[in-house]
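Have a look at the structure below before the remarks.
Computed over heavy atoms, backbone and side chain alike; hydrogens, waters and symmetry mates excluded. Source: prediction; values computed, not measured.
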Amino acid sequence: MGPQSTPDLSTQASSPSLSTVAIVGLGTMGTGIAEVLTRAGREVIGIDTDEAAARRAVSALEAATARAVQRERLTERERQDALARFRTFTDLQAAADADLVIEVVPEDYQLKRQVFADLDAVVRPDTILATGTNALSVTRLAADSQRPERVLGVHFFNPAPAMKLVEVVSSVLTAPTAIAAVTELARDLGKDPIAVGDRPGFVADGLLFGYLNQAAAMYEAKYATREDIDAAMKLGCGLPMGPLALLDLIGVDTARTVLEAMYAESQDRLHAPAPVLGQLAEAGLTGRKAGRGFYTYDAPGSATVVPDAESPAATDEGAAGRTVSGVGVAGSGTMASGIAEVFAKAGYKVVLAARSLEKAEKAKARIAKSLGRSVDKGRMTGEARDAALAAITPAGSLDAFADVDLAVEAVAEDLAVKQELFRTLDKVCKPGAVLATTTSSLPVVACARATSRPQDVIGMHFFNPAPAMKLVEVVRTVLTADDVHATVRAVCAKVRKHPVDCGDRAGFIVNALLFPYLNNAIKMVEEHYATLDDIDAAMKLGGGYPMGPFELLDVVGLDVSLAIEKVLHAEFRDPGLAPAPLLEHLVAAGCLGRKTGRGFREYARR
């Protein structure tokens, strides 16, 4: 479903379909939904037992519409009309004339049940009752209602005025006419509705919260710092926010409630709330709204992070690094040529070694084309391109690495192949040279143990395409020397990459968080819960992901994805990490994604 055009305010007010909507609960979400509805011509009855909340909602709507006028998205007349359509009350009796009631009170089943019971005594028999829950059972709320056929879920995403996705949630009791009416309303509001069944988290949060939970557990285990976890997922996956910052925005207590509901149904350990979530919630450190959660903020409700005891020092302290002027890159594929390009553009002398001189020269020719494109786009000068190309020397043997200070391998993701290469590097490279592997899933220490100098071996996991992606995961083993670690971090800074530190375990940061999320998306399709298109749309529109999970799987390659899933499952032994059978079946059938013309979707042959 593509984005809809902005509704014509002149025609919406006369629409007979769900023209009067009551919203119960005027917190951030309720106020946001009210803004969307009033601007689209609906009469909105805002209900909150807290008069102060109602006043804040009115003020927020006044401020939001004033900004819209300043940005020329509304005229002053349209603004005044929208404000006139919003009335607030403190009694549910005000919902008596509503065509649709949307409750967005806190995520507490007994509270929501009481709201629905009170509404049953107030509204017309044909009024649709919608819950805004993202964690509780819509079916249970419907069953406890006097008219279960008119109860459904309508899940907006925060901030409601900006986010396009609306999940329309039906139970087995919901009448098709109610679903159709709310779906049509969502479209009229300029939203992209997707129809989903009743299970905790639905599509978007069902995938999102497992990922957030794993990030919290990763932080709690002190595997990586909060800053490195968040930077890794933003720079490695193109996400708008890191997972821990997002937990602070959502509310640590809210996230824990959602996960508890998901775990109660799924019994999947990936949904069992990380203990740190409970500890923070019990301490009142619930995120931005409290002024402190995973991060510390300058005031409750503020988005401005301030330094605290966990903040990294302004200057790096520790061991001094080794001098690096010459770099060797082993391999001839896309990753190897991309890494060679990165080092050459930063002024390093680069030896690019492949299994034959011809392969190395082809890799250099690929770099020349890439640099040429950069010149054409005005990103570098012709002189800079020529200097970078001149800095690269192709070679047909690793013997050419005799004088390099840093050797980086980017060969096949096969442990035996990499170990053999490291045995060769051990013989060829001078004493004191740093030896790095770009592996994304294999144990770095196994490469290190293939040498007589494991203290000199480290992981440098670049992301594809290396010239464009800013992230490098710096992977220390228990044997890596401090000055080797310092050297690699300094080199990352010189080549304008952002280093994040992590230990030597499967998946490091990015893949350990990304691939369980992708695997769970596949399971949703296996269970016929949602379609490929709906899941991709939900994660792009509701989660801000640059690509949906199935788009990404087809780009990465289903065989590569399966290999990483197997490594994660073998390392952590969690049943929830077992590769989805559908993924295994597609790989067995040779449907590997874009590179074969068919994966989860079919692609035109080039």
Distance (rounded to the nearest 0.5 Å) between [X] [atom1] and [Y] [atom2]:
{"X": "Thr438", "Y": "Phe463", "atom1": "OG1", "atom2": "CZ", "result": "11.0 Å"}
{"X": "Cys502", "Y": "Ile509", "atom1": "SG", "atom2": "CD1", "result": "4.5 Å"}
{"X": "Met469", "Y": "Cys237", "atom1": "CE", "atom2": "SG", "result": "7.5 Å"}

(message) Whether the Glu310 and Thr225 side chains hold a donor-acceptor pair (N or O, under 3.5 Å, no angle test) is what I'd like checked.
(response)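 No - no donor-acceptor pair under 3.5 Å links their side chains.
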
(message) Looking only at the side chains, is there a donor atom on one of Thr477 and Thr480 sitting less than 3.5 Å from an acceptor on the other?
(response) yes

(request) Give me the ring orientation class for Phe294 and Tyr219: parallel if the planes are under 30° apart, tilted from 30 to 60°, perpendicular past 60°. (result)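 Plane angle over 60°, so perpendicular.
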
(message) Ring-plane angle category for Tyr297 and Tyr295, please: parallel below 30°, perpendicular beyond 60°, tilted otherwise.
(response)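 Geometry flag for Tyr295 against Tyr297: perpendicular rings.
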
(request) Taking only Lys NZ, Arg NE, NH1 and NH2, and the carboxylate oxygens of Asp or Glu, determine whether Arg226 and Asp248 approach each other closer than 4.0 Å. (result) no

(message) Can you tell whether the side chains of Glu265 and Arg199 come within less than 4.0 Å, N to carboxylate O?
(response)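 Looking at Glu265 and Arg199, the cut-off is not met.
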
Hey, is the main chain of [Y] close enough, under 3.5 Å, to the side chain of [X] for a donor-acceptor pair?
{"X": "Thr257", "Y": "Asp253", "value": "yes"}
{"X": "Glu551", "Y": "Asp536", "value": "no"}
{"X": "Asp554", "Y": "Phe600", "value": "yes"}
{"X": "Lys112", "Y": "Glu107", "value": "no"}
{"X": "Glu103", "Y": "Gly25", "value": "no"}
{"X": "Asp230", "Y": "Ala245", "value": "yes"}
{"X": "Asp198", "Y": "Ser171", "value": "no"}

(request) Determine, stepwise, if the pair Lys595 / Asp559 fulfils salt bridge (charged side-chain N to carboxylate O under 4.0 Å, His left out). (result) CA-CA 11 Å; Lys595 59 189 174 186; Asp559 51 340; 2.8 Å; yes

(request) Using the salt bridge (charged side-chain N to carboxylate O under 4.0 Å, His left out) rule, take Lys540 and Asp192 through it: C-alpha gap first, then chi angles, then the decisive distance, then the call. (result) CA-CA 11 Å; Lys540 289 191 290 184; Asp192 288 299; over 6 Å; no

State whether the number of non-hydrogen atoms from other residues, nucleotides or ligands found under 6.0 Å of [X] atom [atom1] is greater than 12.
{"X": "Arg449", "atom1": "CZ", "answer": "no"}
{"X": "Arg601", "atom1": "CZ", "answer": "yes"}
{"X": "Lys566", "atom1": "NZ", "answer": "no"}

(request) Step by step, work out the salt bridge (charged side-chain N to carboxylate O under 4.0 Å, His left out) result for Lys418 and Glu409. (result) CA-CA 8 Å; Lys418 289 186 187 291; Glu409 70 78 17; 2.8 Å; yes

